[in-house]
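Comments concern the structure below.
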Amino acid sequence: MKIKIFLILALLASFTLPKFAPAQDGQFDKYGGWTGLKGEKSGFFHTEQVNGRWWIITPEGNAFWSIGMYCVRFSGIPETDTKKRPYKDACLAKYGSEGEWAKITKIRLKDWGFNTIGDWSSESTYKDGLDRKHAPLAYVIGIDLPRKADNVIAKGAYGYFPDVFSDKFKESVKSAMKYRFEHQPYFIKDPWLLGYFLADEPSWYGSKQRRGALVNDFIALESDSPGKIAWVNFVKSIYSEINTLNNSWGTDFKSFTDLFTAKKIPINENSEKDNLLFFKIIAEEFSKILHDTLRGFDKNHMILGTRPSRLYPELVEASAKYSDIFSTSSYGLNEGYKVNPKFKETIDRMYENAGRPIMLGVIITAEDAGLPYGIVRSQKDRGISYWRYMAEVAAHPAIVGMHWFQYFDPPKKCYDEKAANWGLVNQKDEPYEEAVKLIAQANKTAYTYGLRLSTVKPEFDSFLSFKKEEPQEIAKGELKQIIIPIENSGFESGKEAWKLQTWKGKSKVSIDSRTRHSGKNALKIEGGKEEGWDSIGVALQQPDFLLLPGYEYKLSAWIKTDNVESEAFVRIKATYKKGEVTYFKALPVYGTKDWTLVEANFSPKSENSIDYLVCQLNGGGSAWFDDIKLEVIKQ
């Protein structure tokens, strides 16, 4: 069966997350975790490998893929010349208060498929109080790297990196974290907190902007600097004799003491190799101090790393050792109109070095917003670019999330001379509708790609827009069995999520804790005196997702009967897009039978929405229903 690609993609988006699904619909828990895949219920977010791929696991024990938004910040960014904050001024005029802005913004983000408030966001977006009434979202916190320790980067060169071997660095880290937790102590026990970034893109490249160059900055320090002393001790630990060192490096040091006054060393294969060994020691010391200090305050939440922009192997291995998730910006992996050809190779190598799940950042800018430095032409192309990237990112078994930088556009003149169309809303808090529509659909496919249910993704044609004319079949391939969550499918929560009704006659519908197939409860329907369809008792619910063409589904249930004269069955009533009603029904059970598994395999002919899922008894007798299940079994 062939369908235009746009329709296929829209259907896949609807299948996975048709819209923000509140906790009560059963597909997602209150934190946004998918209830169809389970991990340990620990009370806080953590990571687990399930069926060969990594997931974040919610406090309730369900699979979670973090789709985050950086800088959801009411204050906006000040203009360089005027110091005015146009975004903040526009939001105050529009909403009247920061609280109202935060409420509307979170609802908007959920509608767009985002489930995490990213770093550098206003406290009003994540501190809702214990009741979490206003569209709560998981959130991350960044604890900025303090700059009180001496900078080892040479004067005149770009960047800051502390002397990590100094007591001043340790004390400044502890002081910064102490201040943060004294002012926001609720972090420590808040289950909605995903975790902490402990720095942002430190200058690992050093003064010379290359791998290992940071070590040369340590070598150039004064002789009494803790970093210089650490380097000398490192050299002495690998070279027992000064002559051995000189032969290796091509130097003429008289003794190891001469190292204290050295400002640089010759560059050759051996000295470069030794530099990388010390570079790894620097990375370990830096990461360990941040990790151990944070753990002194909060032992509950994940450490998301320091988001390095360079992926030097020594750095990745050393820093990931002290992180629960290895996070990196790596914005260049999405090149706008194409994903970097080395995407998979880069991620595979990163994961090999890290041994931890990975979280990425993403920036896609467009030229039509009136800001410079767009990497695609239009907002529509921006949305397509994001969707194609999501298809690659979410499908990788090591990646557990992706965060967009940032929520709002900056002023043309601001702290960043390369300010661009970063936001999904402009300076007036107006969404870029063409981009947002496609980004929302992309976000709602994350679990589809993560579960390997589909590899379909949008493409650009010669005019850099959606292909409109060429039909394309849904991609075929091996499809593992996927269980679609049905809330309270075993009636363990009583009648919650089910409507117990008598449609005709005097049937009675109840929850039975004495007769059940598994667990503690089952559904019981007792028929009335009338015969057949003149006596109908039902329990029904209305799942909030679409059934898609091109997939084969299996509806199943366990049914037990006692003197059922007509039939007991489960079925789905659905309506096709053009209004045609259809039913998908498992074989009925009648007479007196012990627990029997009934199943119905079906494949919709086109898009349809479910009107209801029903357990039904017609006529006299009694029937029990338990363990209702809907699965995708074939593609």
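Every value quoted in this text rests on a predicted model; they were computed, and no experiment measured them.
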(request) Please lay out, stage by stage, how Ile399 and Leu360 fare under the test side-chain contact (heavy atoms from CB on, under 4.5 Å). (result) CA-CA 8 Å; Ile399 300 177; Leu360 298 180; 4.0 Å; yes
(message) Test salt bridge (charged side-chain N to carboxylate O under 4.0 Å, His left out) on Asp81 and Lys413; report intermediate values, then the result.
(response) CA-CA 8 Å; Asp81 298 331; Lys413 293 184 178 181; 3.6 Å; yes
(request) Tell me, with the steps shown, if Arg180 and Gln184 meet side-chain hydrogen bond (donor to acceptor under 3.5 Å, both in side chains). (result) CA-CA 6 Å; Arg180 193 65 185 267; Gln184 293 173 300; 2.6 Å; yes
(request) Begin with the C-alpha distance, continue with both residues' side-chain angles, and end with the deciding distance and a verdict on side-chain hydrogen bond (donor to acceptor under 3.5 Å, both in side chains) for Ser385 and Asn334. (result) CA-CA 8 Å; Ser385 178; Asn334 182 20; 3.3 Å; yes
(message) side-chain contact (heavy atoms from CB on, under 4.5 Å) for Asn62 and Asp29? Distances and angles first, verdict last.
(response) CA-CA 7 Å; Asn62 299 306; Asp29 66 25; 2.8 Å; yes
(request) Test side-chain hydrogen bond (donor to acceptor under 3.5 Å, both in side chains) on Tyr432 and Asp409 and set out the steps. (result) CA-CA 10 Å; Tyr432 291 104; Asp409 270 347; 2.4 Å; yes
(message) Set out, in order, the CA-CA distance, both residues' side-chain angles and the distance that settles side-chain hydrogen bond (donor to acceptor under 3.5 Å, both in side chains) for Tyr87 and Asp429, then state yes or no.
(response) CA-CA 7 Å; Tyr87 179 73; Asp429 198 47; 2.8 Å; yes
(message) The test is side-chain contact (heavy atoms from CB on, under 4.5 Å); show your working for Ser124 and Glu98 and say whether it passes.
(response) CA-CA 7 Å; Ser124 58; Glu98 181 175 351; 2.7 Å; yes
(message) Determine whether Asp368 and Arg382 satisfy the following criterion, salt bridge (charged side-chain N to carboxylate O under 4.0 Å, His left out), listing intermediate values before the conclusion.
(response) CA-CA 10 Å; Asp368 65 358; Arg382 199 180 183 205; over 6 Å; no
(request) Verify side-chain contact (heavy atoms from CB on, under 4.5 Å) between Lys106 and Lys110, making sure each step is shown before the conclusion. (result) CA-CA 6 Å; Lys106 287 185 290 180; Lys110 283 187 172 181; 5.8 Å; no
(request) Step by step, work out the ring pair (Phe, Tyr, Trp, His ring centres under 6.0 Å) result for Trp404 and Phe114. (result) CA-CA 10 Å; Trp404 174 283; Phe114 290 95; 7.5 Å; no
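Salt bridge annotation for Glu345-Arg349: present, with a cationic side-chain nitrogen under 4.0 angstrom from a carboxylate oxygen. Using a cut-off of 4.0 Å between Lys/Arg side-chain N and Asp/Glu carboxylate O, Asp381 and Arg377 are scored as not salt-bridged.
Within 6.0 Å of atom NZ in Lys94, more than 12 heavy atoms from other residues, nucleotides or ligands are found, so the atom counts as buried in its surroundings. In Tyr415, the OH atom is crowded: over 12 heavy atoms of neighbouring residues, nucleotides or ligands sit closer than 6.0 Å. Shown here is Lys38, whose NZ atom has more than 12 heavy atoms of other residues, nucleotides or ligands within 6.0 Å.
Of the possible donor and acceptor atoms, none in the side chain of Thr116 sits under 3.5 Å from a partner among the backbone N and O of Ser66. Within the 3.5 Å criterion, the main-chain N or O of Glu487 finds a donor-acceptor partner in the side chain of Gln541. Remark: side-chain polar atoms of Asn115 are not paired, donor with acceptor, to backbone N or O of Gly68 under 3.5 angstrom.
No cation-pi contact links Arg356 to Phe326, judged by a cut-off of 6.0 Å to the six-membered ring centre and 45° from its axis.
Counting heavy atoms from C-beta on, the side chains of Trp55 and Thr47 never come closer than 4.5 Å.
Below 30°, between 30° and 60°, or above 60°: for His403 and Phe197 the angle between ring planes is above 60°, a perpendicular geometry. Below 30°, between 30° and 60°, or above 60°: for Tyr196 and Phe187 the angle between ring planes is above 60°, a perpendicular geometry.
How far CZ of Arg211 is from CH2 of Trp204: 14.0 Å, rounded to the nearest 0.5 Å. For the atom pair CD1 (Ile117) and OG1 (Thr125), the distance works out to 4.5 Å, reported to the nearest 0.5 Å. Once rounded to the nearest 0.5 Å, the distance linking CZ of Phe343 with CG of Leu333 reads 6.5 Å. The CD1 atom of Ile347 lies 13.0 Å from the CD atom of Glu352; values are rounded to the nearest 0.5 Å. Atom NZ of Lys412 sits about 11.0 Å away from atom CD of Gln427, to the nearest 0.5 Å. One finds the CD atom of Glu367 at 10.0 Å from the CG atom of Asn421 (value rounded to the nearest 0.5 Å).
Tyr70 and Trp422 have their aromatic ring centers separated by at least 6.0 angstrom. Aromatic pair His301/Phe45: ring centres not closer than 6.0 Å.
For the ring-ring contact (aromatic ring centres under 6.0 Å, His included) with Trp192, the qualifying choice from Tyr139, Tyr31, Tyr126 is Tyr31, the only one to do so. Each of Tyr95, Trp120, Trp101 was checked for a ring-ring contact (aromatic ring centres under 6.0 Å, His included) with Phe74, and the lone residue meeting it is Trp101.
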